[in-house]
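Take a look at the structure below.
Labels below follow one simple rule: chain letters A, B, ... track the order of the sequence lines, proteins then strands, and each chain is numbered from 1. Side chains are part of it too, since the values below use all heavy atoms of this structure and drop only hydrogens, waters and symmetry mates.
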2 protein chains.
Amino acid sequence: MKGEALKGHLDLLILAVLQAGPLHGYAAIEALRRNSGGVFNLPEGTIYPALHRLELGGLLASQWSEHEGRRRRVYRLTRSGRAALSCDIEQWATFARAVAAVVGATG
Amino acid sequence: MKGEALKGHLDLLILAVLQAGPLHGYAAIEALRRNSGGVFNLPEGTIYPALHRLELGGLLASQWSEHEGRRRRVYRLTRSGRAALSCDIEQWATFARAVAAVVGATG
DNA sequence: CTTATTACCTAGTATAGCTAGGTATGAAAG
DNA sequence: CTTTCATACCTAGCTATACTAGGTAATAAG
């Protein structure tokens, strides 16, 4: 993936990956990589600030937990988060359709 | 369209809209609006600098012309531009598929 | 005792699209 | 004739956001 492709779509991806159930940051990175077939291999410096931003915005809620001596911060979608996800999915569909229309247009 | 959705995809859109034939900047804005069904209503401050950047990069070539007393700068795809467009289309397909996979994944 | 993996964090940087302002012509409205 | 609207171009500066590059810390393997 080239540089700026994600801009404006990262929130959608994070909310989407948390739709299946709560995850901690590191696991979210792996889930995104796996679910995208390796296309989204996001650095931690991308994910962690985004998770904080989303929590601050009330779309996620977090809880510290312990697993084999390592602390984890587990995030889950809030009600607002689920609503935002629906909205973002629709917006994405609109965007993707519009791009396809422009690319496909021959005249 | 919300804020940053276009980031990293604008070049594709501009190259794509010029695929059908040369256009000047203002006409490119209208073509993008029309072809996208009104989704891409881009301000001039977005298009003009992008056209300049693409020309500087050798993907576009421009030529001044006159039409009913108004000067126009008409842009056309170069050979490199056509190659870049093919590449961008493929990249877009990869990106869109990956987003769809993440959004569609339920587990 | 070093390296790798897991797991978190953030200050600063880069970039690209957008805002908001400007110039100028021709046509229509008043 | 003056104002407004549409056409047509331009750019300095703002802002948002993903990323770079650095840091901390625990466990396990070599």
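Of the listed nucleotides (D:dA8, D:dA18, D:dC10), D:dC10 has the atom at the smallest distance from the side chain of B:Trp64. The side chain of A:Leu6 lies closest to D:dA18, out of C:dC8, D:dA18, C:dT10. In this structure, the nucleotide among C:dA16, D:dT7, D:dC19 sitting nearest to the side chain of B:Glu30 is D:dT7. For B:Glu4, counting side-chain heavy atoms from C-beta on, the closest listed nucleotide (C:dA16, D:dT17, D:dA8) is D:dT17. The side chain of A:Arg53 sits closest to D:dA18 out of D:dA18, D:dC10, C:dC8. Ranking D:dT17, D:dA18, C:dT19 by closeness to the B:Pro43 side chain, first place goes to C:dT19.
Among the heavy atoms of the strands lying under 4.0 Å from A:Gly45 is at least one base atom, whether or not backbone atoms are also near. If you check every strand for non-hydrogen atoms under 4.0 Å, B:Gly69 touches sugar and phosphate atoms only.
Comparing A:Pro49 and A:His67 along DNA chain C, the residue whose closest nucleotide (by nearest heavy atom) sits nearer the 5' end is A:His67. Sequence order on DNA chain D of the closest nucleotides to B:His24 and A:Glu44 puts B:His24 first from the 5' end. Comparing A:Lys7 and A:Tyr26, the nucleotide of DNA chain C nearest to each residue sits closer to the 5' end for A:Tyr26.
The hydrophobic clustering, which links ILVMFWY residues whose side-chain heavy atoms are closer than 4.5 Å, places A:Leu6 and A:Tyr48 together. Both A:Leu18 and A:Ile47 are assigned to one and the same hydrophobic cluster, defined by single-linkage of ILVMFWY side chains at heavy-atom distances under 4.5 Å.
Atom NE2 in B:His9 sits about 15 Å away from atom P in D:dT17, given to the nearest Å. Separating the CD atom of B:Glu66 from the P atom of C:dG26 is a distance of 9 Å, rounded to the nearest angstrom. Atom CG in B:Leu23 sits roughly 14 Å away from atom C1' in D:dA8 (whole-Å rounding). Across the protein-nucleic acid pair, B:Phe40 atom CZ and C:dC18 atom P stand 10 Å apart, rounded to whole Å. As a whole-Å value, the separation of A:Ile47 CD1 from D:dT17 P is 15 Å. Rounded to a whole Å, the CG atom of B:Leu12 is 15 Å from the C1' atom of C:dA16. Rounded to a whole Å, the CG atom of B:Asn41 is 15 Å from the C1' atom of C:dG17. The interatomic distance linking B:Leu54 (CG) with C:dT15 (C1') rounds to 15 Å, in whole Å.
Between B:Phe40 and B:Arg33, the closest side-chain pair of non-hydrogen atoms is not below 4.5 Å.
When the side-chain nitrogen and oxygen atoms of B:His52 are compared with OP1 and OP2 of D:dT11, one or more of them lie within a distance under 4.0 Å. B:Arg70 has no side-chain polar atom (N or O) that falls below the 4.0 Å cut-off from OP1 or OP2 of D:dA6. Regarding contacts with the backbone of D:dC9, a side-chain N or O of B:Tyr48 is found under 4.0 angstrom from either OP1 or OP2. Distances shown here put a side-chain N or O of A:Arg72 below 4.0 Å from the OP1 or OP2 atom of C:dA7.
For the residue pair B:Leu51 and B:Gly25, the shortest heavy atom distance occurs at CD1-CA, 3.7 Å.
Side-chain contact of B:Arg72 with B:Ser65: a donor-acceptor pair under 3.5 Å is absent, judged by distance alone.
Using the six-membered ring where Trp is involved, A:Trp92 and A:His9 have ring planes that are perpendicular, over 60° apart on the 30 and 60° scheme.
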